[in-house]
Amino acid sequence: MLLQQIAQRYTQLFQAPNVLVQAPGRINIIGEHTDYNLGWVLPAAIDKYIYFALGKKETTQFEFYSPQFDEHIQFDIKDEVETMPSWGKYLLAAAQELQKRGHQIAGAAGVLSGDIPVGAGLSSSAALCCGFVYGMKELYSLDLSRKEIALIAQATEHRIGLNCGLMDQYASLFGAENSALLLDCKSLETQRIPLELGDYELYIINSNVKHELAADSGYNERRASCERVVTLAQQQDATIESLRDISMDRLEELTDELVVKDYKRARYVLHENERVLDASAALRKGDLKALGKLLQASHKGMREEYQITVPEIDLLVALAISNPEILGSRMMGGGFGGCTINIVEKANAQRILSKIKAAYQLETGLKAEIYQVKAGAGVQVVRL
Ligand code: GLA
């Protein structure tokens, strides 16, 4: 439906589009803040997308319209990223990244819209960047692999101010139906892990506490903590490149020289990496109870050690796990708001989720939103 609308809108504003692209958001089963520490993550692309109708331009001008926000954005590739409003920043920075890497592009016209909630931890910005760059590749027949598109999209985020890893971009580009993606962020190797949940389903609960990670120093500050630990460890062993190369034993040896905050954050990352591998094994065996316990441990680590949760999110998790029909619940994404991911028994899902929603509203005055999500395919060209 949305796709049809944006294609029609494009035709009204410009002419017929050259290409239609859909780019998914992502969930993350487990593995939070492990990507930029070159560890493992277990995300999946979801069946929520940003859709693009795109056409070439002969000049270096870009002209985009979003019916979702009723915003028109125009820029030249030479413009300053900082002067652009909201989502225009990402498009301009991504176009400049393409050019910087030697890709021959001119401008583009586009209409885009989607159903990925913004600022909720479902990676709408990765979908925006990956979808746009993929669309540019199609328009200008660029020689670009999905890996290169992920790196360009990541560089775009860095340019805007978020020193993120590659999880979101990889999930959006490499996602596959009914599968999670086990990504080794060091080698960038991926494995598909079947997401077969039997009597259970995944539900996302949006706390509606919005976060803007790029503007919030909390995310980058966590990354800086991890880097301080690595710098210290390198004084003992110059071959260490990231927390991935540090064992628990070595971290213990460094304890006296680290501030408690950095030590705890690094410990969380080391344990979270183990949990990702354990969760992949549990999913392969169909052991959902074990998976649920890992989700709980992940949330506890994020709350107590990495300290990236907020009271509203902790409340949603506490409300969720007070029900035996929910096997696991944890905050998902960069933190400081956003969503929780929950493994909920199908038969009782509606009743329990309504109960959680009501209790959450009573206590916080906020309305939670609930989405059932399915793992879907990565960025692709679509037809009407
Ligand atoms: C954001 C970042 C990712 C990742 C997660 C936390 O989504 O964009 O790279 O670090 O936070 O796991």
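Every number for a ligand or one of its atoms is a count from 1 in the order of the listing. Only a predicted model underlies this, so the values are computations on that prediction, with no experimental measurement involved.
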4.0 Å heavy-atom contact, R26 with ligand 1: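 Heavy atoms of R26 do come under 4.0 Å of ligand 1.
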Only heavy atoms of [X], strictly under 4.0 Å: list the atoms of ligand 1 that pass.
| X | value |
| --- | --- |
| G333 | 6 (C), 11 (O) |
| G165 | 9 (O) |
| H33 | 6 (C), 12 (O) |

Between R159 and T156, does any side-chain donor sit less than 3.5 Å from a side-chain acceptor?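 No pair is found: no donor N or O on one side chain lies under 3.5 Å from an acceptor on the other.
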Can any side-chain N or O of N323 pair as donor or acceptor with the backbone N or O of A320 at less than 3.5 Å?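 Pair found, side chain donor or acceptor close to backbone of A320.
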Kindly confirm or rule out an N or O of E32 lying under 3.5 angstrom from an N or O of ligand 1.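 Looking only at distances, the answer is yes, because the N/O contact criterion of under 3.5 Å is met.
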Does L166, backbone or side chain, put an N or O under 3.5 Å from an N or O of ligand 1?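 Between L166 and ligand 1 (N or O atoms, distance only) the closest approach is not under 3.5 Å.
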Please say which of R267, K264, R222 ends up in a salt bridge (charged side-chain N to carboxylate O under 4.0 Å, His left out) with E305.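 Going through the options one by one, the only one that passes is R267.
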What protein heavy atom is closest to [atom], reported as residue, atom name and distance in Å?
| atom | value |
| --- | --- |
| atom 5 (C) of ligand 1 | M167 CE, 3.8 Å |
| atom 10 (O) of ligand 1 | Y219 OH, 2.5 Å |
| atom 9 (O) of ligand 1 | D35 OD2, 2.5 Å |

Using 30° and 60° as the class limits, which term best fits the ring planes of Y10 and F14: parallel, tilted or perpendicular?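 Because their plane-to-plane angle lies in the 30° to 60° range, the rings of Y10 and F14 count as tilted.
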How about E71: does its CD atom have over 12 heavy atoms from other parts shown lying under 6.0 Å from it?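 Yes, the 6.0 Å shell around CD holds more than 12 heavy atoms from other groups.
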State whether the number of non-hydrogen atoms from other residues, nucleotides or ligands found under 6.0 Å of R223 atom CZ is greater than 12.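 Counting other residues, nucleotides and ligands, CZ of R223 exceeds 12 neighbours.
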Among D168, L162, T34, closest by any non-hydrogen atom to atom 1 (C) of ligand 1: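 Shortest heavy-atom distance from atom 1 (C) of ligand 1: D168.
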Under 6.0 Å between the ring centres of Y268 and H33?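 No.
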